[in-house]
Amino acid sequence: MPNIPEADNFIEEFIVEDLKNGKHNGRIHTRFPPEPNGYLHIGHAKAIVINFEIAKKYGGKTNLRMDDTNPTTEETHFVTNIENDIRWLGYEWEGDTLYASDYFATLYEYGLRLIDKGLAYVDDSTPDEIEAQKGDIGIPGTNSPYRDRSIEENRDLFTRMKDGEFPDGSKVLRAKIDMAHPNLLLRDPVLYRIKHEDHHRTGDQWCIYPLYDFAHGQSDSVEGITHSLCSLEFRHHRDLYNWLIEALEIFPSRQIEFARMNVDYLITSKRRLKKLVEEGIVSGWDDPRMGTLAGMRRRGYPSLAIRNFCMRTGVTKRENQQEFGFLEHCVREVLNESANRYMAVLNPVKLVITNYPEGQTETFVTDNNPEDESQGTRELPFSREIWVEREDFRKEPQNRKYFRLAPGKDVRLKSAYIIHVDGHEEDEDGNVTQINCTYYPNSRSGEDTSGVKAKGTIHWVSVDTAIDVEVRQYENLFTDPTPMDHEGKDFLEFINPNSLTVIEAKGEPALAKAEAGQTFQFLRKGYFTVDPDSTEEKMVFNSTVGLKSSWKG
RNA sequence: AGACCCAUGGUGUAAUUGGCAACACUGCAGAUUUUGGUUCUGUCAUUCUAGGUUCGAGUCCUAGUGGGUCUACCA
């Protein structure tokens with residue numbers, strides 16, 4: 001067993017140990033087991049990254065298995081979306097997509113096997129009765145009156161359950177363990193229930209369906225999963241997971257639990273995500289404000305950034321709350337390298353260069369990305385009238401450290417000339433309607449002989465060639481970083497009413513050719529991604545993440 | 001009430017398994033910059049508490065404190 005990579009976390013320590021002991025002949029096999037009843041979110045991304053990265057690191061494989069044992073909630077279209085999201089994240093699973101439902105026949109046989117060993121029985125108790133029999137935390141439960149049925153009777157009944165002789169809820173198959181067990185999950189857990197309902201894959205072939213505890217671990221075994229990684233809340237299930245491995249005498253997969261990842265301002269509860277969609281609070285599962293992979297993709301988050309984020313936040317057994325700023329940092333880090341810089345004016349005000357001849361135009365050449373020369377250059381049309389950012393002008397400079405437009409100031413227009421502010425015009429309400437400047441003809445970008453020193457540089461767009469673009473600006477969906485952590489308050493009470501602002505902006509003409517999904521840095525403003533809602537007539541951009549700013553004006 | 005899990009800066013993760021508490025993000029201060037971006041530099045901790053073992057404890061032991069999980073015919 002040469003060169004076992006060094007462990008970076010406690011799960012990898014277990015794996016290294018197993019590898020050193022020659023367990024499973026050095027084979028490593030993990031799996032990602034989503035239930036196809038919703039969309040994947042940032043929390044799933046963490047689980048995906050852990051499972052795939054660990055397997056990759058130790059030369060193993062990772063399966064994708066749909067945990068589809070509940071026919072009432074699961075749908076095929078979720079399967080496709082899950083597959084798309086995982087591929088987008090950058091992972092390819094081993095072989096075909098697998099389904100727990102493919103193992104229904106095996107699972108049924110396992111049920112019989114348990115019965116034959118006297119380790120399971122058919123119970124006619126009602127759900128309420130079963131709950132009552134459970135006892136309570138610290139209080140032992142009581143045996144079901146049907147607990148001691150004979151093996152023959154159990155076999156007969158279980159077979160007839162499968163054959164559809166009994167109505168929903170009338171009978172269940174239960175493991176026969178210990179009604180006084182300190183772990184409530186081991187107090188004769190229900191293994192199979194009757195549901196006369198069509199399944200998205202098996203149709204009406206079955207009317208009994210296994211529960212999680214009698215499907216998940218067994219699927220792991222069938223697939224030869226060596227390390228079954230899941231989140232902390234399944235810790236108590238591990239006892240049952242192991243009990244069933246021994247009782248069934250099947251391949252001993254090993255369950256290891258890690259702490260799920262929570263991120264400020266992001267919801268990772270399928271139920272609540274669904275509520276946001278159904279109540280129309282967001283436009284859909286892929287709304288850019290959602291913590292779903294589909295939403296983050298539409299928002300413009302690169303999958304590399306999400307992967308980096310998931311890996312850097314580590315793997316432990318500790319409750320953790322990640323700062324949203326760290327996710328944004330990971331996004332900026334990738335985009336800084338990859339996004340080309342274009343100019344767009346989000347809140348435009350007209351600036352007239354009074355000594356620039358009317359009707360004259362010229363073009364400047366500018367770098368597409370100073371971080372990546374291979375991205376080349378492009379041309380910027382320039383003229384006497386340009387749009388500049390309203391925030392970049394002050395009627396009076398606030399202080400010595402203010403470097404942008406204000407009366408008497410010299411400011412560089414990015415990749416163009418240095419201009420001098422002469423004055424401005426305003427309406428009755430004092431709103432600036434136009435800024436008047438003169439330019440220094442010998443200050444042309446790259447061949448500046450003017451000797452004028454401009455401390456500030458601003459972005460701009462020529463009025464005659466500018467295109468109108470729609471920009472959707474986002475803030476966090478919630479006003480509180482942990483909207484679910486307030487007792488007695490519904491998370492919807494923390495919805496941020498300003499989470500979406502739609503504005504009309506002016507963009508440089510080259511932006512018209514952008515394609516959906518493409519991300520740009522709008523110089524000095526932030527990163528923006530072309531939304532699929534864009535049309536030939538109107539480009540639509542989503543604000544992905546802003547630029548950091550050390551300006552404390 | 002019982003069982004199990006966890007505890008290191010504002011946040012998250014490390015610490016060669018007993019040897020000077022490190023890294024990233026954030027914050028603050030500064031340098032560079034035709035993006036107030038990027039880049040670079042500096043700076044921010046009685047390791048939950050109290051005892052104990054030891055030459056030496058974040059690490060081991062004991063007790064306490066705090067947080068989390070578990071009583072679905074959901075996964």
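Throughout, a chain's letter reflects where its sequence line sits, starting with A, and its residues are numbered from 1.
- Here the P atom of nucleotide rC73(B) and the NZ atom of Lys162(A) are 24 Å apart, to the nearest Å.
- Distances were taken from every side-chain heavy atom of Gln521(A) (C-beta onward) to each of rU35(B), rG36(B), rA75(B); the shortest belongs to rU35(B).
- Residue Lys195(A) is in sugar-phosphate contact alone, with no base atom involved, counting any heavy-atom pair closer than 4.0 Å across all strands shown.
- Across the strands present, rU35(B) finds no partner; the criterion is a Watson-Crick or G-U wobble pair with both atom distances under 3.5 angstrom.
- For rG30(B), the paired base is rC40(B) (Watson-Crick or G-U wobble, both distances below 3.5 Å).
- If you take atom P in rU59(B) and the same atom in rU16(B), they sit 13 Å apart, rounded to whole Å.
- Each of Phe158(A), Tyr103(A), Tyr192(A) was scored for a ring pair (Phe, Tyr, Trp, His ring centres under 6.0 Å) with Tyr108(A), with one residue passing: Phe158(A).
- Residue-to-nucleotide proximity on RNA chain B shows that, of Lys317(A) and Arg341(A), the 5′-proximal contact is made by Lys317(A).
- No contact: His181(A) has no heavy atom under 4.0 Å from any strand.
- With respect to Phe522(A), the side-chain contact (heavy atoms from CB on, under 4.5 Å) criterion is satisfied by exactly one of Val345(A), Leu547(A), Leu511(A): Leu511(A).
- Toward the 5' end of RNA chain B, the nearer of the two residues Asp8(A) and Leu413(A), judged by each one's closest nucleotide, is Asp8(A).
- A syn orientation is assigned to rU17(B), its glycosidic angle lying within 90° of 0.
- Taking only side-chain atoms of Lys552(A), from C-beta outward, the nucleotide of rU17(B), rU38(B), rA29(B) with the closest atom is rA29(B).
- For rU35(B), the base has no donor-acceptor partner in the side chain of His459(A) [N/O atoms by modelled type, under 3.5 angstrom].
- Within the nucleic acid shown, Gly446(A) comes within 4.0 Å of at least one base atom, counting heavy atoms only.
- As rounded to the nearest Å, rA57(B) and rG52(B) have C1' atoms that lie 11 Å from one another.
- One C1' atom belongs to rU71(B), the other to rA3(B), and the distance between them is 12 Å to the nearest Å.
- In this structure, Glu447(A) places its CD atom where more than 12 heavy-atom neighbours from other residues, nucleotides or ligands lie under 6.0 Å away.
- OP1 or OP2 of rU13(B) has not a single side-chain nitrogen or oxygen of Arg312(A) nearer than 4.0 Å.
- Between Thr72(A) and the phosphate of rC74(B), there is no side-chain N or O to OP1/OP2 separation shorter than 4.0 Å.
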- Item | Derivation and outcome, ring pair (Phe, Tyr, Trp, His ring centres under 6.0 Å), residues Phe528(A) and Phe541(A) | CA-CA 6 Å; Phe528(A) 294 81; Phe541(A) 288 89; 7.2 Å; no

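- Nucleic acid contact for Phe326(A): sugar-phosphate only, since backbone atoms but no base atoms lie under 4.0 Å from a heavy atom of the residue.
- Using a 30° and 60° split on the angle between ring planes, Phe78(A) and Trp285(A) fall in the perpendicular class, above 60°.
- Centroid-to-centroid, the aromatic rings of Tyr417(A) and Phe364(A) come within less than 6.0 Å.
- To the nearest whole angstrom, the two P atoms, one in rG58(B) and one in rA21(B), are 8 Å apart.
- Residue-level contact check: Tyr209(A) touches neither bases nor backbone, having no heavy atom under 4.0 Å from any strand.
- Base pairing annotation: rC23(B) forms a Watson-Crick or G-U wobble pair with rG12(B), both donor-acceptor distances under 3.5 Å.
- We find that Arg412(A) and Asp448(A) are joined by a salt bridge, their nearest charged nitrogen and carboxylate oxygen being less than 4.0 Å apart.
- A donor N or O paired with an acceptor N or O is found under 3.5 Å between the base of rU34(B) and the side-chain atoms of Ser445(A).
- You'll find a donor-acceptor pair under 3.5 Å spanning the side chain of Glu371(A) and the base of rG37(B), going by distance alone.
- Between the side chain of Arg412(A) and the base of rU34(B) there is at least one donor-acceptor pair of N/O atoms closer than 3.5 Å.
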- Task: I would like to know whether Lys171(A) and Asp123(A) meet salt bridge (charged side-chain N to carboxylate O under 4.0 Å, His left out); could you show each step before the answer?
- Result: CA-CA 6 Å; Lys171(A) 285 179 169 47; Asp123(A) 194 341; over 6 Å; no

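- Remark: the separation of the P atoms in rA50(B) and rC55(B) is 23 Å, to the nearest Å.
- Using a 4.0 Å heavy-atom distance criterion, His236(A) is classed as a base contact.
- Using a 4.0 Å heavy-atom cutoff across all strands shown, Pro33(A) reaches no nucleic acid atom at all.
- Side chain of Ser550(A), nearest nucleotide from rG12(B), rC73(B), rG36(B): rG36(B).
- Between Thr316(A) and rG12(B), a side-chain N or O to OP1/OP2 separation shorter than 4.0 Å is absent.
- Residue contacts shown for Gln321(A) are limited to sugar-phosphate atoms, with no base heavy atom under 4.0 Å away.
- Aromatic pair Tyr209(A)/Phe104(A): centroids less than 6.0 angstrom apart.
- Checked against rG36(B), rG12(B), rG37(B), the side chain of Thr313(A) finds its nearest nucleotide in rG12(B).
- Remark: P of rU13(B) and CD1 of Ile50(A) are 11 Å apart, rounded to the nearest angstrom.
- One P atom belongs to rU26(B), the other to rU39(B), and the distance between them is 10 Å to the nearest Å.
- At a threshold of 4.0 angstrom between heavy atoms, the contacts of Val172(A) include nucleobase atoms, whether or not backbone atoms are also involved.
- Using atom P as the reference point in both rC48(B) and rC4(B), the two lie 23 Å apart (nearest Å).
- For the C1' atom pair drawn from rU49(B) and rC28(B), the interatomic distance equals 31 Å after rounding to whole Å.
- The partner of rG56(B), taking Watson-Crick or G-U wobble pairs whose two distances both stay under 3.5 Å, does not exist in any strand shown.
- With distances taken from any side-chain atom of Leu547(A) to the nucleotides rA72(B), rU35(B), rG36(B), the minimum falls on rU35(B).
- Scanning atom types as modelled, one donor and one acceptor separated by under 3.5 angstrom connect the side chain of Glu323(A) and the base of rG10(B).
- For the pair Glu319(A) CD and rU11(B) C1', the interatomic distance rounds to 15 Å; values are reported in whole Å.
- Leu232(A) comes within 4.0 angstrom of no nucleic acid atom, judged by non-hydrogen atoms across all strands.
- Within the nucleic acid shown, Ser125(A) comes within 4.0 Å of at least one base atom, counting heavy atoms only.
- For Arg193(A), counting side-chain heavy atoms from C-beta on, the closest listed nucleotide (rA3(B), rA75(B), rG36(B)) is rA75(B).
- A donor-acceptor contact under 3.5 Å is not formed by the side chain of Arg235(A) with the base of rU69(B).
- Across all strands, Glu13(A) comes closer than 4.0 Å to base atoms (heavy-atom distances).
- Pair assignment for rA72(B) gives none, since no Watson-Crick or G-U wobble pairing has each distance under 3.5 Å.
- Partner assigned to rA50(B) is rU62(B), using Watson-Crick or G-U wobble distances below 3.5 angstrom.
- Under 4.0 Å is where a charged nitrogen must lie from a carboxylate oxygen, and between Arg65(A) and Asp220(A) at least one such pair does.
- Residue contacts for Lys414(A): at a heavy-atom cut-off of 4.0 Å it reaches a base atom on one of the strands shown.
- Note on Lys548(A): every side-chain N or O is 4.0 Å or more away from OP1 and OP2 of rU35(B).
- Residue Asp136(A) is classed as a base contact, given a heavy-atom separation below 4.0 Å to a base.
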